[in-house]
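A quick write-up on the structure given underneath.
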Amino acid sequence: MLKSKTFVKKTRSGGVMKIVREHYLRDDIWCGSEVCTVCKQESTVLQKDACIESNLCSYPHYLVPDTNVVLHQIDILEDPVIRNVIILQTVLQEVRHRSAPVYKRLKDIIHEKEKHFYTFTNEHHRETFIEREPGETANDRNDRAIRMAAKWYSQHLKTFESNTDGLKVVLLTNDQGNKQKAQESGLLVYKCEEYIKSLIANLELVDRLALSNDDKNEITTSKVLFPEHLPLSRIQAGIKSGSFLQGTFRASRDNYLEATVFVQGEGEESTEVLIQGLQNLNRAVYQDVVAVQLLPRDQWVAPSSVVLQDEGKAKDDNAEEEEEEKALKVSAAEAARKPTGKVVGIIKRNWRPFCGMLNVSQIKESTRHLFTPADRRIPRIRIETRQAATLAGQRIMVAIDGWPKDSRYPNGHFVRSLGSAGEKGTEEEVLLLEHDVPHQAFSQAVLSFLPKMPWAITPEDMMKREDLRHLTVCSVDPPGCTDIDDALHCRELENGNLEVGVHIADVSHFIRPGNALDKEAASRGTTVYLCGKRIDMVPELLSSNLCSLRSNVERLAFSCIWEMNHKAEILKTRFTKSVINSKASLTYAEAQMRIDDTTKNDDIIKSLRGLNKLAKILKRQRIEKGALTLSSLEVRFHMDSETHDPIDLQTKELMETNSMVEEFMLLANISVAQKIYDEFSECALLRKHPAPPPSNYDILLKAAKSKDVEIHTDSAKALADSLDGAKVDGFPYFNTLLRILATRCMMQAVYFCSGMDSDFHHYGLASPIYTHFTSPIRRYADIIVHRLLAVAIGADSTYPDLMDKQKQSALCNNLNYRHKMAQYAQRASVAFHTQLFFKNRGILNEEGFVLFVRKNAIIVLIPKFGLEGTVFFDTKDKTIPNLVFDEEGPTLNIEQHTFHIFDKVKVTISLDDSNIQHQKIRMALIDPVIPGVSVPAPDVEPQAKKPKLDR
């Protein structure tokens, strides 16, 4: 049966266009129930014995949730208890339009066989389709369609003799009007909360209920605490007229009464608006998109240097808060004042489930408690739970439901428990969730695209590739590396020149564009390396086996081969898909030993020595062009082989072989970047490193000046040369410290699409063009670069998204985000393992250097552990009277002693675990001795017994 839908649409030019769509109604849409004998369905989803123990529904039943129940109670629907649910097409379409994250979660539930969720296409079923009536809103029409489908199911199931158990259909809605109309038409209908509370022995489910608007009113006080948010129409008009600004809300980690709103301007221009005080913050949460109104100039303020954490009991009385707000208002010089404003409305909420811990209420029998998120930028959340005693001391996840204007805190609900706080597994899970690192197991849909085992290179593969199995190829990697991306070879040619090859795992052969495996890898963006754990971008069969260039097995590769003379000048470059057989998988240390061992001279050693010799020349040439050699301390933990706890902590040593591999990877990346840009000037995926703005170097210049050393920063070359010449007699570590500081001045390197940008320069490498080609097992950017290069040399066919610069640019944004979050997650993992290490060591005393000087503290670097910590001079319990901070230096004078950057100090290091959620490494000054400030050195350093090392 054919119906037609007609509607009008406004065109860009302002005209009106009439659109007619055909709408087919069918008789062959099945109900999906095991009970049914009429529908000619091949397989069924809904079970015959659909029993959930409930005080309200003692009979077997199917659930039909309306759109709002799905949107707001998705945490409930995901629970294993909730099964046999009919998801109507009307609901699915509405959810898709209103919330992409909920839609994705709903689709995942529908694909879970054991959940028995059935999608019923009611909009195309002859007996359940309804037309919208004149004067009826789209919302009311959809509610009627849901009631109609529920009624059809009830009557349809009644007709079967096999339905002897009295199988019924229960409609779930939180809309009072919808519920009333459903009851009038004889349907079984309950509010979601009524139904969930009726379930027997499922207390945890009740905690997961998101608060409905009626409940939100109960929790709040009668006093209005915040200004009303403006409606979206007013906000849009205000932004258009210029009276409001739109930006991203960035809460402060150190001060819960302060935030900035980042307003993106034209091109590179952007401004930050400072927000201070509860009223002005007006219920915005970190990362929300908000509308702000600037305050009059005479009300502008300077950012506060006060550290304020929202801790302790609930601050529903405003007296204490008003005191704290007063502490913010310091009289600032005109120059220090920043544009200041207030939040007038929320354009887009960016809420996610947050990890943290419960502050159990002091009131006995209370079910309302405050939840403190692990991320200090997120406000505390008030939740209702009946299992507070069980959840105390656990890490849990909580979602925000809303933030009414008469509630001091947002209201939320419990999502799930992650385990006991402080336990390694729990803290690792928190770390991954908080940094938005996708770490769930790969789905069956993704795994279905992996090659079938046993896998072997076929004759067809060999026909399209160059056979390089005879070459003496070897790989050099860190110890324990199983995802080997790259291998190298070097040999002398008959004409006296050298042939050098970089062979990279051919991951794009296995991951084809657009399939589920490709989409998953694109979403993950990068492999994340935590201490003792790796979260792969691609399944292990590829990362550690079929793509990994292990020794003595045949592997598919993408090779970049140069002919060079002995001065490392490139005479020819070619790229080819190939087959290789690596002759050795070495660690950096093993490769170094072979190069240094003069008694041996086999083919592998000849190849390594040739590579090493050329790498030194390449490095010298790069540095002459102005490439920077910066420094950052990387640490390595030695783990106990049984407990997997860190028992030793050292900074990583770099060898010549590290540099050797790095030089050829850089050369391959630059060669490939040039090739793909020459072929595809609009859609090459490249990587750039912007030059830092001059103000970034302030701290570096001041630090050098304090030791009478001059640093030039007008170009990368000038900086590199002055860093090379920066030496202080009797202070050998000075140059390393300067380079560590210079690293902090740098900008982040980013991926971009060549057709969307004009500045390609890579500042740190002093290269006019650069990309990533050499690590496709662990970086998705490299897979795209492989595909571009394959099309450029005619080794593979193209596809539309590869040549679409808009899509390429959107992909780059996701990759930049994933790389940044992976970096933060890695740092957090190092910080957590460092805490574990010091937890077992008691108090240690170590030598360090002052890296930064602050108003009331010095930040100290301990080279031995690659550890940074803060020595505070005024704490809550004691104030040092004579603190004089000079910003020009910067110096800090305390009781006749002046601290400068790079001063040598001796400190005690210990773990402060008084706040289990925010454990800190504490440092206290031993030397220089300042009366009333420094502490005596601990008598004995407790030496943990040295268990066996699992290297």
Side-chain angles (χ1 to χ4, degrees), residues 468 471-490 500-507 526-538 540-560 578 580-597 602-605 607-612 614-615 618-619 632 634-639 650-669 772-779 781-783 786 822 826 949-951:
L468 303 178
L471 293 177
T472 309
V473 171
C474 65
S475 62
V476 184
D477 289 283
C481 175
T482 59
D483 50 346
I484 303 170
D485 286 289
D486 52 88
L488 299 152
H489 89 271
C490 174
V500 176
V502 165
H503 311 277
I504 305 299
D506 189 3
V507 181
T526 177
T527 292
V528 181
Y529 295 90
L530 305 180
C531 301
K533 184 176 184 169
R534 186 179 85 202
I535 290 115
D536 280 328
M537 179 182 83
V538 297
E540 196 177 6
L541 177 66
L542 295 181
S543 67
S544 293
N545 186 351
L546 303 186
C547 291
S548 184
L549 304 181
R550 306 191 306 193
S551 52
N552 304 314
V553 286
E554 292 180 0
R555 286 289 177 259
L556 302 178
F558 208 151
S559 300
C560 173
S578 61
I580 63 165
N581 187 327
S582 170
K583 304 298 182 277
S585 301
L586 307 172
T587 65
Y588 291 119
E590 286 167 349
Q592 193 66 53
M593 276 160 61
R594 291 198 186 196
I595 290 169
D596 296 342
D597 186 348
D602 58 35
D603 285 350
I604 293 173
I605 291 172
S607 178
L608 286 171
R609 285 183 186 148
L611 290 165
N612 199 33
L614 289 169
L618 287 169
K619 185 169 186 176
S632 63
E634 284 190 63
V635 296
R636 190 167 161 221
F637 293 96
H638 293 300
M639 303 290 193
Q650 292 170 344
T651 49
K652 288 183 188 171
E653 276 183 65
L654 293 179
M655 302 180 187
E656 250 183 31
T657 42
N658 288 75
S659 179
M660 174 186 85
V661 173
E662 186 187 5
E663 284 309 316
F664 287 107
M665 296 307 118
L666 293 175
L667 192 61
N669 287 335
H772 272 163
F773 164 76
T774 55
S775 296
I777 296 178
R778 58 188 177 88
R779 290 189 304 232
D782 303 51
I783 293 178
H786 275 228
Q826 283 156 6
L949 294 186
D950 175 18
R951 287 174 198 256

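Residues take their numbers from the sequence shown, with the count starting at 1.
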Heavy atoms only: give me the nearest Y529-R778 pair and the separation to one decimal. OH-CD, 3.2 Å
Holding to side chain to side chain contact (heavy atoms under 4.5 Å, CB included), I want the full list of residues that pass it with C474, two or more places apart in sequence or in another chain. A584, I604, L608
When rounded to the nearest 0.5 Å, the distance separating SG of C490 from CG of D603 is 11.5 Å
Can you name the closest pair of heavy atoms from D485 and P776 and give their distance? OD1-N, 3.4 Å
So do V502 and L667 actually touch side chain to side chain, heavy atoms under 4.5 Å? no
Test of understanding: with side-chain hydrogen bond (donor to acceptor under 3.5 Å, both in side chains), list the residues that count as partners of E663, not counting sequence neighbours. R622
Could you work out, with salt bridge (charged side-chain N to carboxylate O under 4.0 Å, His left out) as the rule, every residue matching E590, not counting sequence neighbours? none
Please walk me through it: do I783 and M537 pass side chain to side chain contact (heavy atoms under 4.5 Å, CB included)? CA-CA 11 Å; I783 293 178; M537 179 182 83; 3.8 Å; yes
Minimum-distance pair of heavy atoms, taken over all atoms of A615 and M660: CB-CA, 3.7 Å
Output the distance between atom OG (S578) and atom CG (D506), rounded to the nearest 0.5 Å. 8.0 Å
Might you confirm whether atom CD of E540 has over 12 heavy atoms from other residues, nucleotides or ligands at distances under 6.0 Å? no
Contacts of type ring pair (Phe, Tyr, Trp, His ring centres under 6.0 Å), residue H489, not counting sequence neighbours: H503
Gap between atom CG of L471 and atom CG of N581 - 0.5 Å precision: 10.5 Å
Would you give the length of the straight line joining atom CZ of R594 to atom CG of N612, rounded to the nearest 0.5 angstrom? 14.5 Å
State the CD1-CG distance between I777 and L546, to the nearest 0.5 angstrom. 10.0 Å
Judged by atom type as modelled, is there a donor-acceptor pair below 3.5 Å linking the side chain of H772 to the main-chain atoms of N669? no
Rounding to 0.5 Å, atoms CG (D477) and OG1 (T482) come to a distance of 9.5 Å
Which pair of non-hydrogen atoms, one from V661 and one from Y588, has the smallest distance, and what is that distance? CG2-CE2, 4.0 Å
Do R534 and D483 meet the salt-bridge criterion of a basic N to acidic O distance under 4.0 Å? yes
Under 3.5 Å: donor-acceptor pair, side chain of D782, backbone of T774: yes
Counting C-beta onward and ignoring hydrogens, is there a side-chain heavy-atom pair between L468 and V473 closer than 4.5 Å? no
Of all residues at least two apart in sequence or in a different chain, which pass the salt bridge (charged side-chain N to carboxylate O under 4.0 Å, His left out) check with D596? none
For F664 against L618, the heavy-atom pair lying closest together: CE2-CD1, 3.7 Å
Student check: side-chain heavy atoms of M665 and L488 closer than 4.5 Å: yes
Here the pair of heavy atoms bringing A505 nearest to C547 is CB-O, 3.1 Å
Please list, chain by chain and in numerical order, all residues satisfying side chain to side chain contact (heavy atoms under 4.5 Å, CB included) with S548, sequence neighbours excluded. I484, R550
